[in-house]
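We're numbering straight along the sequence, starting at 1.
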Amino acid sequence: MSDPAKSIRIGTMISASAGKAAERIAEIADLGFESFEPFFWQTTNGQDIADLGKRCREAIGDRDITISTIGMFGNPLEDQDMDRQTLQGWKDCIDNAHHFGATCVAGFTGRVRNRPLTESLPQYRKVWSELAKRAADKGIRIAFENCAMDGNWQTGDWNIAHNPDAWELMFNETPDDNIGLEWEPCHQMVYLIDPLPQIRKWAPKIFHVHGKDATIRWDVIREHGIFGKEKFVFMRTPGFGDSNWTDIISELRLAGWSGSIDIEGWHDPVYRNALEMTGQVHALNHLKQARGGDYLAIAG
C-alpha cells in the first residue's frame, strides 16, 4: 500500500477457534477490508497453527491485505485446564505468527481470579517475562487488550490491562520493549475514562488498535447513576457510537503511529446477528473516511 495516507489500514477480526478462519477470510476479502486479525478464544483446539497461517495467506491471495496481528484471548495466569490451554496457545501463536505474516500477538494478560488487581502482578511478571523473551527472540511483539471483561480494580477473572494505572504497574514489572497494548476507545469509555488523551501519552506502547466504540447515555447517568437498573453505556461498532474517529486517527498520526485498526464486531446492540456485516461494512467505510486517503484521485 504505497499511499502514505493509508499507512493506517482498516480491517476486521476473524474468529479462528473453530478452524474456519481461512474460509471466512475468503468469503469477505473483497468487501474492502485492508487487514485481518485471526483470533482464538481460550484455546486453539489443537489446530496446526502454521498450516492455518499459510491457508489464511492463501485465502488473501494477491490482494493488498495484511495480517499484522493474531489474537489469543483467555487467562494464562491460572492453572485450570482451560488456562493451561490458553498459555500453550500463546506459545503456539508466538512461535507461528510469522506463518500469517504477523509481527504481533494480542490478548488478555490473565488475572488471579477474584482478587485485587495488584495481587496478580507477581504471577503476571513470572508468565509474561518468559513469554516476552520467547517473542523477542522471534521478532514478535505482545499487545494486551485494554478490556476489563466486567472486572475492576478489586476483582475480576480475565485481565488486568484495563486501566492506565494498571499499565504503569504492568510495564514496571515487564519493562520489555516488545510488550504493549491493543488499545481501543470503547473499553475506556465504558468506565467513563476519556480515551483521547491516552493516545498522546501511550502511543509508543500502542501496538495494535481495535475498531470499537461506545455510546454513553449521560441522561441515564444523571438520573440513575452507574449502579442502577438502567444500562448507561453500550458497546458500539464504529460509526454508531460517540467517538470522533477523525480525532482518534489524527492523534495516532501526530504520534507517528502506523498499523492496523481492526474492527471488533459482535457487540453492537443494533447491528448484530443478521445485521452484523451491515454494521461492519458501515464501520469500514466510516473509518476509511476518518482516515482519509481514499478520495485522493477525485480530489486531484
Hphob cluster co-occupancy, [X] + [Y], side-chain heavy atoms under 4.5 angstrom:
X	Y	answer
Ile10	Trp257	yes
Ile67	Phe40	yes
Ile94	Phe207	no
Leu181	Leu121	yes
Ile25	Val281	yes

After noting the C-alpha distance and the side-chain angles of Trp183 and Trp202, does the key distance pass the ring pair (Phe, Tyr, Trp, His ring centres under 6.0 Å) rule?
CA-CA 10 Å; Trp183 183 89; Trp202 294 98; over 10 Å; no
Is any side-chain N of the basic residue among [X] and [Y] closer than 4.0 Å to the acidic one's carboxylate O?
X	Y	value
Arg236	Asp242	no
Arg291	Glu34	yes
Arg24	Glu27	yes
Glu173	Arg125	yes
Lys205	Asp177	no

Got [X] and [Y] here, is their nearest side-chain heavy-atom distance under 4.5 Å?
X	Y	answer
Gln123	Leu77	yes
Gln198	Pro164	yes
Thr44	Leu52	no
Ile8	Arg253	yes
Pro116	Thr155	no
Thr109	Asn75	no
Arg84	Leu87	no

Distance only, no hydrogens: is a donor on one side chain within 3.5 Å (strictly under) of an acceptor on the other, for [X] and [Y]?
X	Y	answer
Gln42	Thr86	no
His286	Gln289	no
His210	Asp262	no
Asp213	Trp245	yes

Would Arg217 pass as a cation-pi partner of Phe232, given that its NZ or CZ must be under 6.0 Å from the six-membered ring centre and within 45 degrees of the axis?
no
Taking the six-membered ring of Phe234 (Phe, Tyr or Trp), confirm whether the NZ or CZ of Lys231 is under 6.0 Å from its centre and within 45° of its axis.
yes
Residue Glu23 excluded, over 12 heavy atoms near CD under 6.0 Å:
yes
Does Asp48 have more than 12 heavy atoms from other residues, nucleotides or ligands lying within 6.0 Å of its CG?
yes
Flag, side chain of Asn96 to backbone of His99, donor-acceptor distance under 3.5 Å
no
Has the side chain of Asn244 got a donor or acceptor atom that lies under 3.5 Å from a matching backbone atom of Thr246?
yes
I need the minimum non-hydrogen distance between [X] and [Y], along with the two atoms involved.
X	Y	result
Phe33	Gly11	CD2-C, 3.8 Å
Ala97	Val105	CB-CG2, 4.2 Å
Glu145	Asn159	O-ND2, 2.8 Å
Pro269	Met235	CD-O, 3.3 Å
Ala283	Ile263	CB-CD1, 3.8 Å
Tyr271	Gly279	CB-CA, 3.8 Å

Hydrophobic cluster (4.5 angstrom, side-chain heavy atoms) - remaining members for Met149
Met13, Phe39, Trp41, Phe73, Phe108, Trp158, Trp266
Rounded to the nearest 0.5 Å, what separation is found between the [atom1] atom of [X] and the [atom2] atom of [Y]?
X	Y	atom1	atom2	answer
Ile160	Leu169	CD1	CG	8.0 Å
Asp157	Asp83	CG	CG	9.5 Å
Gln280	Thr12	CD	OG1	3.5 Å
Ile142	Thr69	CD1	OG1	12.0 Å
Ile248	Leu196	CD1	CG	6.5 Å

Partner set under side chain to side chain contact (heavy atoms under 4.5 Å, CB included) for Thr174, not counting sequence neighbours:
Tyr124, Trp128, Ser129, Asp176, Ile179
Can you sort out the partners of Gln85 under side chain to side chain contact (heavy atoms under 4.5 Å, CB included), two or more places apart, ordered by chain and number?
Thr43, Asp81, Met82
Which residue pairs pass the salt bridge (Lys or Arg N to Asp or Glu O under 4.0 Å) test with at least one member in residues 88-111, sequence neighbours excluded?
Asp95-Arg134, Asp95-Lys138
Run His282 and Phe240 through ring pair (Phe, Tyr, Trp, His ring centres under 6.0 Å) and show every step you take.
CA-CA 9 Å; His282 175 85; Phe240 302 108; 4.5 Å; yes
Which residues share a side chain to side chain donor-acceptor pair (under 3.5 Å) with Ser68, sequence neighbours left out
none
Side chain to side chain donor-acceptor pair (under 3.5 Å) with His224: which residues, sequence neighbours excluded?
none
Evaluate side-chain contact (heavy atoms from CB on, under 4.5 Å) for Asp268 paired with Lys212, printing each intermediate quantity in order.
CA-CA 9 Å; Asp268 196 286; Lys212 193 166 71 180; over 6 Å; no
How far apart are the C-alpha atoms of Ile216 and Ile221, what are their side-chain angles, what is the distance that settles it, and do they pass the side-chain contact (heavy atoms from CB on, under 4.5 Å) test?
CA-CA 9 Å; Ile216 301 171; Ile221 293 172; 3.7 Å; yes
Given the rule in the side-chain contact (heavy atoms from CB on, under 4.5 Å) test, do Met189 and Ser243 qualify, once you have shown the distances and angles that lead to the verdict?
CA-CA 9 Å; Met189 296 167 70; Ser243 293; 3.4 Å; yes
Report the C-alpha distance between Arg222 and Asp219 in whole Å, list the side-chain angles of each, state the deciding distance to 0.1 Å, and finish with yes or no for side-chain contact (heavy atoms from CB on, under 4.5 Å).
CA-CA 5 Å; Arg222 284 189 290 268; Asp219 58 323; 4.1 Å; yes
